[in-house]
Each structure stands twice: as C-alpha cells, then as structure tokens.
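Worksheet: the structure to be examined is printed underneath.
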Amino acid sequence: MSFDVFNPVRIHFGNNATLTAGKIAKKYSNLAMIITGKTSMQKSGTLDRLVKILKDAGVNSIIYDKITPNPTIDEIDEAAGIAREKGAGLIIGLGGGSPLDSAKAIAVAAKGNIPVWDYLKTPAATALPVITIVSTSGTGSEVNRYSVMTNPKTKEKPGFGYECMYPKEAIIDPEIMTSMPPYVTAATGFDVFVHVLEAFTGKMRNAFSSAYCMQAFYLLKDNLIKAYNEPNNPEARGNMALASALAGLAIDLSGVGIIHALEHPVSGNYPNVAHGAGLAALTVESMKYNLEACKRDFMLIAHHLGVKRAGKSDDEYAYSLIEKIQEMLRAINLNIRLKDLGVEKDRLPRMAKEAFATMGFAAKNNPKDVDEKAALRLLELSY
Ligand code: NDP
Ligand code: MN
C-alpha cells in the first residue's frame with residue numbers, strides 16, 4: 001500500500017461566509033472575473049451581492065454568466081479569451097459544479113494560448129488563482145482540482161485536473177444553497193452519495209479518503225431527504241454542504257468508479273440530463289455488479305446509513321444497502337431509468353465505448369474489473 005495525500009484548498013465554511021469574499025479576493029488581485037450560470041445566481045441576488053462585496057473591498061469584477069449545466073469547451077474558451085484580454089488576475093467560480101469546473105478550466109486556458117481541449121494531452125503547470133463560491137451540494141468541485149467539460153461536436157465529456165487547478169480558497173455558505181429547487185437538491189445530493197460510495201470502495205481508496213467518506217455517509221443519512229423536503233432547513237443544508245465538501249476531498253484522493261464512468265457519456269450525449277440524475281439511473285445495477293467485491297464495505301456503509309442488521313446474514317446485510325439506496329431514490333423522486341431521461345437505446349454501445357475512452361481512469365478504479373461488454377450490460381440493465 002502506498003499513496004500521496006495532498007489538498008491545498010483553504011475552506012471557509014458557514015452561513016454568510018460569502019461576506020468575506022472581498023477580503024479574500026483582494027489577496028490575489030484587484031480585477032476578478034466571476035464565472036457563473038445564466039439564471040440562478042442572478043435570481044437569488046447572490047451575483048449582485050458578490051459584485052458589491054468585491055467592490056467594497058476594492059476589487060473590480062468582470063462577469064461571464066453564460067455557463068450552461070454540463071459546460072462546453074466553447075464557453076470555456078470564450079471566457080478564457082475575455083480573461084486574457086481584460087487582464088483578470090483572479091477567477092471566481094460562483095454556482096454549482098458547472099460554473100466551478102469551468103472556472104478552473106478557464107484559469108488554466110487564460111494562462112496559455114491553446115484551446116482548453118488541448119490541455120487533456122498537454123499538462124498545465126500554471127493557472128490563474130481560483131476562488132470557489134459553491135451554490136449546490138453536490139459535486140465537491142469547490143474543494144478539488146477536477147474540471148469536467150463537454151466537447152459539443154464529439155459529445156465527449158472527460159474530466160481533467162492538474163495540481164495548478166486546485167482552488168486557492170473555497171467559500172461554502174449554506175445560505176446560498178437554500179434557493180435550490182427540490183430536483184436540483186435531489187440530483188446534486190445523490191451525486192454526493194455516489195462520490196463517497198465510489199471513493200470508499202474503489203481500488204485507490206486509502207485511510208484518509210475513507211475517513212472523509214465515513215463522516216459524509218453519516219451526514220447523508222438524514223440530511224439528503226430532509227434538505228429535499230425542507231429546502232429552508234438550515235441544519236440540513238449545512239450538513240449537506242459539509243457532506244459535499246468531504247466527498248469532494250475523498251474523490252480528489254481516491255477517484256470515482258464505473259457509475260461516474262458510465263454517467264459522463266449519458267450527460268455528454270444528452271446535455272439536458274443533470275449529472276446526478278444520470279447517476280441515479282445507473283447506481284442500483286452498478287451496485288449489484290460490485291456487490292460481491294464490496295461485501296464488507298457495503299455492510300459498513302449500511303451500518304452508517306442506519307440500516308438495522310436484525311438477524312440478516314452477511315450477504316443479506318450487504319444487499320440491504322442496495323435496497324436502502326432504492327428507498328432513498330424513491331424518497332427524493334429519482335427512482336428513474338435511462339429511458340426516463342430520454343436516452344436512446346441504440347446509443348448504448350457507443351456510450352459503453354466512451355466510458356473507457358473519456359473516463360478510463362474511473363472505470364479502472366472500480367472495485368470489480370469491468371470491460372466494455374460488462375459496461376454495455378450495465379447500461380442495458382439500467383435502461
Ligand atoms: P450545475 O452547476 O450544472 O447546476 C444545475 C442547475 O441548478 C443549473 O440550472 C443551475 O442554475 C441551478 N442551480 C445551481 N445552484 C442553485 C441554487 N442555489 N438555487 C437555484 N438553482 C441553482 O449542477 P451540479 O452542481 O450538479 O454540477 C454538475 C457538473 O459538475 C457536471 O458537469 C458534472 O459532470 C460536474 N461534476 C464535477 C465534479 C468535480 O469533481 N469537479 C464531480 C461531479 C460532477 P444556473 O444554470 O443558472 O447556474
Ligand atoms: Mn459526480
């Protein structure tokens with residue numbers, strides 16, 4: 001067993017932590033570029049508030065608010081061009097995983113002169129400093145180095161991440177998350193579960209990521225469904241925000257597995273599919289596939305999620321985790337299949353191929369070996 005443990009992101013957690021954004025930004029530059037989506041941060045007033053907080057601290061801002069869910073390389077290259085042209089010294093990602101991932105990719109692309117897609121092959125050594133202000137709980141992008149982007153021409157949706165892409169500081173303000181509608185709470189919250197499931201059971205697991213996962217399972221236990229049913233419950237929102245960050249740290253250390261490898265082709269081919277919804281459709285069959293390889297881990301997770309053992313054999317108790325997850329998915333209205341998401345059946349073979357072409361590192365990390373044939377079978381069973 002050997003591994004490295006590293007994460008340089010300073011985390012500011014708490015309601016109204018956004019108020020500190022000015023002081024934090026000022027450390028890096030007098031000109032920040034804010035990267036956000038098209039609607040939610042405008043509607044909740046968070047974007048205007050942030051611009052004022054920055055201004056009051058003497059930091060001017062340029063706004064790029066055209067990031068779409070499952071962001072494309074065209075948006076990223078366009079924003080990077082503007083950052084370069086205007087001389088932005090800091091990139092602030094404001095929103096869910098899509099604006100945050102974009103912020104990191106823009107920070108890299110703004111420093112160079114090549115399209116962002118080329119950084120998949122050409123490692124980047126420098127990037128503009130990035131601050132993340134996260135509005136979903138979610139991807140964990142606020143605290144990790146990963147960025148996921150879609151090539152709209154080829155439909156490929158790979159993830160990449162270099163050391164220079166770690167955000168310098170992350171502001172986690174659960175208050176901003178209260179405006180998430182139930183569907184976004186459900187999809188992003190389920191993403192947290194799959195992150196810890198895959199980091200906890202994957203081949204690259206280690207004691208440090210497992211510690212993050214255990215606390216995240218414990219937090220997910222009551223709070224995912226509570227946040228879904230009570231959007232303004234501050235405790236549930238706060239605990240889900242913590243779970244998201246812990247899970248983000250866990251996948252930064254130990255990666256994801258086959259569920260993520262299969263999901264990226266789904267939302268890559270169908271950009272209207274929310275990442276968490278794609279995961280929801282794929283999780284149960286993937287867990288059945290991994291069951292034998294993960295028996296002890298599944299028992300432990302079941303215990304953390306409060307499943308009673310009561311006379312069950314080891315096999316039954318491990319399987320009860322799958323039932324627990326199905327129950328959780330029903331409670332948040334995400335008990336869905338790929339066909340419910342508009343996926344066309346004849347695309348499945350192509351998607352099975354793409355899982356390895358663009359997310360091979362994740363497929364390789366899966367606890368049980370998986371090849372293209374097995375991946376196709378999982379897609380068919382999840383259809
Ligand atoms: P998105 O950032 O795509 O946001 C989804 C939707 O929710 C958008 O319409 C957005 O609005 C809206 N929204 C966001 N926050 C709020 C809020 N507080 N109130 C109301 N509406 C809100 O969702 P995710 O966070 O799930 O990010 C998904 C992306 O992250 C995918 O591309 C996925 O592949 C990637 N990802 C990255 C990981 C990483 O480690 N870096 C890990 C897992 C996934 P608007 O459009 O206006 O912004
Ligand atoms: Mn994810």
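Order of appearance sets the numbers: ligands from 1, and atoms from 1 within every ligand.
- In the candidate list G278, S40, S44, S40 is nearest to atom 11 (O) of ligand 1, counting heavy atoms.
- Remark: aromatic rings of Y162 and Y119 are distant, center separation not under 6.0 Å.
- There is a side-chain donor-acceptor pair under 3.5 Å between N144 and K104.
- The distance from ligand 1 to the heavy atoms of I251 drops below 4.0 Å at these ligand atoms: 40 (O).
- Put simply, the side chain of I76 does not reach to within 4.5 Å of the side chain of P115, judged on heavy atoms.
- Those atoms of ligand 1 that come under 4.0 Å of a heavy atom in S141, given as number and element, are 41 (N).
- Salt bridge status for E163 with R145: absent, with no side-chain N to carboxylate O gap under 4.0 Å.
- Side-chain contact between K26 and N30: present, with at least one pair of heavy atoms (C-beta onward) separated by less than 4.5 Å.
- A donor-acceptor contact closer than 3.5 angstrom is absent between the side chains of R309 and S320.
- In H275, the N, O or S atom that comes nearest to the Mn ion (ligand 2) is NE2.
- Nearest protein heavy-atom contact of atom 41 (N) of ligand 1 is D101 OD1, 2.9 Å.
- Of all atoms in ligand 1, listed by their number and element, those nearer than 4.0 Å to a heavy atom of P71 are 32 (O).
- None of the N, O or S atoms belonging to E263 lies under 2.8 Å away from the Mn ion (ligand 2).
- When only interatomic distances are considered, the shortest N/O to N/O separation between M177 and ligand 1 does not fall below 3.5 Å.
- An N or O contact shorter than 3.5 Å links S179 to ligand 1 by distance.
- Residues I171 and L94 fall within the same hydrophobic cluster, defined by Ile, Leu, Val, Met, Phe, Trp and Tyr side chains chained together at heavy-atom separations under 4.5 Å.
- Close N/O approach between S98 and ligand 1 is found [any backbone or side-chain N/O within under 3.5 Å].
- Using a 4.5 Å cut-off between side-chain heavy atoms of Ile, Leu, Val, Met, Phe, Trp and Tyr, with links allowed through other members, L224 and V192 fall into the same hydrophobic cluster.
- Contacts between M41 and ligand 1 below 4.0 angstrom, taking non-hydrogen atoms only, involve the side chain exclusively.
- A salt bridge between E285 and K288 is present, with a side-chain N of the basic residue lying under 4.0 Å from a carboxylate O of the acidic one.
- Residue S135 has at least one N or O atom closer than 3.5 Å to an N or O atom of ligand 1.
- Taking atom 9 (O) of ligand 1 as the reference point, the nearest protein heavy-atom neighbour is P69 CG, 3.8 Å.
- Note: N70 CG to M149 CE = 13.5 Å, rounded to the nearest 0.5 Å.
- Here H275 has side-chain heavy atoms under 4.0 Å from ligand 1, and that is the only part of it that gets that close.
- Nearest protein neighbour of atom 31 (C) of ligand 1, counting heavy atoms only, is N70 OD1, 3.5 Å.
- Using a 4.0 Å cut-off between charged side-chain N and carboxylate O, E354 and K155 make no salt bridge.
- Linking ILVMFWY side-chain heavy atoms closer than 4.5 Å, directly or via other members, places V148 and V143 in two distinct hydrophobic clusters.
- Sorting the N, O or S atoms of H260 by how far they are from the Mn ion (ligand 2) puts NE2 first.
- Protein non-hydrogen atoms do not reach within 4.0 Å of atom 4 (O) of ligand 1.
- Every atom of ligand 1 with a heavy atom of P99 under 4.0 Å away is listed here by number and element: 2 (O).
- Heavy atoms of A187 found under 4.0 angstrom from ligand 1: none, in either backbone or side chain.
- Between the side chains of Y64 and E78, a donor-acceptor pair is found at a separation under 3.5 Å.
- Between the side chains of D297 and T201, no donor-acceptor pair is found at a separation under 3.5 Å.
- In this structure, F193 is a member of the same hydrophobic cluster as L279, with clusters built from ILVMFWY side-chain heavy atoms closer than 4.5 Å.
- In H195, the N, O or S atom that comes nearest to the Mn ion (ligand 2) is NE2.
- Interface atoms of ligand 1 facing P181, defined by a heavy-atom separation under 4.0 Å, are 20 (C), 21 (N).
- If you check the side chains of Y166 and D252, you find a donor sitting under 3.5 Å from an acceptor.
- The backbone and the side chain of T139 each have at least one atom closer than 4.0 Å to an atom of ligand 1 (non-hydrogen atoms only).
- A salt bridge between K203 and D369 is present, with a side-chain N of the basic residue lying under 4.0 Å from a carboxylate O of the acidic one.
- Every atom of ligand 1 is numbered from 1 in the order shown, and the set under 4.0 Å from a heavy atom of T39 is 47 (O).
- For ligand 1, the atoms sitting less than 4.0 Å from at least one non-hydrogen atom of I176 are 18 (N), numbered in the order shown with element in parentheses.
- Restricting D191 to its N, O or S atoms, the one at the least distance from the Mn ion (ligand 2) is OD1.
- The closest approach between any non-hydrogen atom of S267 and ligand 1 is not below 4.0 Å.
- Applying the 4.0 Å criterion to heavy atoms of H195 picks out, from ligand 1, the atoms 42 (C), 43 (C).
- In this structure, G248 does not count as a contact residue of ligand 1, since none of its heavy atoms falls inside 4.0 Å of the ligand.
- A salt bridge does not link K52 to D48: none of the charged side-chain nitrogens sits closer than 4.0 Å to a carboxylate oxygen.
- G97 N, 4.2 Å is the protein heavy atom nearest to atom 23 (O) of ligand 1.
- Scanning the protein for heavy atoms near atom 40 (O) of ligand 1, the closest one is N144 ND2, 3.0 Å.
- Any N or O atom pair closer than 3.5 Å counts here, and K157 shares at least one such pair with ligand 1.
- Of the protein's non-hydrogen atoms, V184 CG2, 4.2 Å is the one closest to atom 6 (C) of ligand 1.
- A donor-acceptor contact closer than 3.5 angstrom links the side chains of S254 and S209.
- If you run side-chain contact (heavy atoms from CB on, under 4.5 Å) between I34 and each of I62, V51, I133, L90, only V51 comes through.
- Taking 4.0 Å as the cut-off, E263 does not count as a neighbour of ligand 1 on heavy-atom distance.
- Residue-level proximity to ligand 1 for L100 is absent, since no heavy atom of it falls below 4.0 angstrom.
- With a 4.0 Å cut-off on non-hydrogen atoms, V148 touches ligand 1 through its side chain and not its backbone.
- The side chain of D191, and not its backbone, has at least one atom closer than 4.0 Å to an atom of ligand 1 (non-hydrogen atoms only; side chain from C-beta on).
- Below 3.5 Å of separation, one finds an N or O of T136 facing an N or O of ligand 1.
- Contact annotation: the side chain of F356 approaches that of V370 to within less than 4.5 Å [non-hydrogen atoms, C-beta and beyond].
- Not a single N or O atom of T188, backbone or side chain, sits closer than 3.5 Å to an N or O atom of ligand 1.
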